2 protein chains.
Amino acid sequence: MTRSTSKQELYDIAGKLFSKKGYHGTTIREIAEARGILSGSLYTHISSKEDLLFHIVDDGAEAFLSALEPIVMSQQDAKSKLRNGLAAHIRVVTTQMDAAKVFLHDWTALGEERHAVIQQKRDKYEDLWAVLLAEGYASGTLIRGDAKYLRILILSVGNWVYEWYKTSGELTPEGLADQFMDIILHGVIAE
Amino acid sequence: MTRSTSKQELYDIAGKLFSKKGYHGTTIREIAEARGILSGSLYTHISSKEDLLFHIVDDGAEAFLSALEPIVMSQQDAKSKLRNGLAAHIRVVTTQMDAAKVFLHDWTALGEERHAVIQQKRDKYEDLWAVLLAEGYASGTLIRGDAKYLRILILSVGNWVYEWYKTSGELTPEGLADQFMDIILHGVIAE
DNA sequence: CCTACCGATCGGTAGG
DNA sequence: CCTACCGATCGGTAGG
């Protein structure tokens with residue numbers, strides 16, 4: 001399961017550039033230059049520019065899935081699952097900012113076949129959240145709000161993190177999840 | 001203030017393509033083709049590709065600002081302002097989906113100077129929300145949650161709408177705002 | 001990994 | 001608005 005250092009290094013470099021300038025806005029020559037080689041030499045390691053995009057996006061998808069799966073499957077109560085699920089999501093976004101942004105932002109540039117692969121993983125991830133929320137409503141812990149829009153609300157705030165999060169002086173993923181979940185669970189007005 | 005039909009039509013066409021394939025992923029030839037002319041002829045109407053991007057993004061910024069400003073300045077109570085502010089935001093996103101997506105997604109492709117112009121309008125819009133929320137806390141209507149993270153939560157869910165909203169069979173902007181604000185105001189669990 | 005290069009396409013212009 | 005074209009750059013390849 002470990003990947004050769006040089007390959008991962010290449011994905012990191014490409015991820016950083018894609019996240020900063022977009023997939024189409026980044027040239028193969030810029031990636032090569034950041035790696036310290038000439039553009040033609042990249043093709044010893046990859047077979048196309050889209051190859052780089054796919055691996056970055058697919059790693060991102062796997063990171064989200066493998067972070068949430070154990071929480072959904074666990075025996076925690078619904079409130080803990082909600083809090084820990086959002087914290088896990090935010091942790092993926094904040095610790096792999098470039099890959100997460102490319103995953104959320106540029107994955108649509110993939111060709112038909114690979115687009116479908118990622119679409120499936122995105123659907124699977126959404127389904128995990130749907131299961132988590134359905135459990136919460138079924139157990140009577142969640143008593144207000146519509147499951148669909150609650151899921152959209154949670155994923156929106158989790159995803160948008162990549163747009164504003166600065167690595168320094170910010171709350172931890174757990175701290176952010178607490179802030180957001182406190183609002184979502186208890187509301188903000190006096191009843 | 002009215003803009004010539006042909007110019008607005010060009011912005012609409014470019015907005016649709018930018019929103020679908022990204023700014024860098026869209027060529028000047030595709031825009032011209034969608035307009036039914038050859039690429040060179042575009043330059044009677046614009047002076048550069050970035051020109052198109054700027055006008056689309058700037059129109060988007062103005063749409064958000066002019067939708068929220070009257071609500072913040074009005075005499076409604078804090079709860080109404082929150083609900084109507086989110087509804088206004090979602091209305092801009094859903095009725096000008098392409099422009100909104102380009103505004104939120106591709107504005108960073110602008111050159112330094114124009115990037116700064118848009119950054120300022122984005123800051124101004126965030127400040128409007130900050131004022132709205134500060135009022136809510138000052139008046140005692142809002143009693144829980146942190147103003148900064150409440151603002152991020154609201155803007156996240158409002159912005160992310162462009163990622164999932166389908167024009168058919170969906171709730172109205174007001175309906176969506178009600179769903180989200182119901183959760184945010186009252187929470188989802190039994191106290 | 002480099003040298004050297006490919007055909008295609010890019011944003012944009014001159015002249016009518 | 002078209003014809004005709006520009007120099008630059010694109011992703012990618014052959015041969016060493």
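Chain letters run A, B, ... following the sequence lines, proteins first, then strands; residues in each count from 1. Here the structure is a predicted model, which is why all the values come from computation and not from measurement.
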Using the ring of each side chain (for Trp, its six-membered ring), is Phe18(A) parallel, tilted or perpendicular to Tyr23(A), with breaks at 30° and 60°?
perpendicular

I want to verify a distance call: between dC1(C), dC2(D), dG12(D), whose nearest atom is closest to the Ser41(B) side chain?
dC2(D)

Side chain of Arg35(A): nearest nucleotide among dG12(D), dG11(C), dC1(C)?
dC1(C)

Among dG12(C), dC5(C), dC2(D), the one nearest Ile37(B) by side-chain distance:
dC2(D)

If I take atom CD in residue Glu9(B) and atom C1' in nucleotide dC1(D), what distance separates them, rounded to the nearest angstrom?
15 Å

Go through Trp129(B) and Ile154(B) one step at a time and tell me if the side chain to side chain contact (heavy atoms under 4.5 Å, CB included) criterion holds.
CA-CA 9 Å; Trp129(B) 272 102; Ile154(B) 292 169; 3.7 Å; yes

Aromatic ring proximity, centroids under 6.0 angstrom, Phe54(B) and His115(B)
no

Spacing of Tyr43(A) atom OH relative to dC2(C) atom P, expressed in whole Å
15 Å

Give the ring-plane orientation class for Tyr125(A) versus His89(A), where under 30° counts as parallel, over 60° as perpendicular and anything between as tilted.
tilted

Rounded distance in Å - CD1 (Ile31(A)) to C1' (dC10(D)):
12 Å

For Thr44(B) and for Gly40(B), find the nucleotide of DNA chain D with the closest heavy atom, then tell me which residue's nucleotide is more 5'.
Thr44(B)

What's the closest nucleotide to the Ile28(A) side chain, out of dT3(C), dG11(C), dG11(D)?
dG11(D)

Expressed as a whole number of angstroms, how long is the span from His24(B):NE2 to dG11(D):P?
12 Å

Starting from P on dT13(D), measure out to CG on Leu38(A) and report it in whole angstrom.
17 Å

Please confirm whether the backbone N or O of Leu17(B) pairs with a side-chain atom of Thr26(B), one donor and one acceptor, at under 3.5 Å?
yes

Whole angstroms only, please: what is the CD-P distance between Glu33(A) and dC10(D)?
11 Å

dC1(D), dG12(D), dG11(C): which one has an atom nearest the side-chain heavy atoms of His45(B)?
dC1(D)

Which one, dC1(C), dC1(D), dG11(C), comes nearest to the side chain of Thr27(B)?
dG11(C)

dG16(C) pairs with, by Watson-Crick or G-U criteria that keep both distances under 3.5 Å
dC1(D)

d(CZ, Arg29(B); P, dC10(D)) in whole Å:
15 Å

Counter-base of dG7(C), judged by Watson-Crick or G-U geometry with both distances under 3.5 Å:
dC10(D)

Over how many whole Å does the gap from Lys49(B) atom NZ to dT9(C) atom P extend?
15 Å

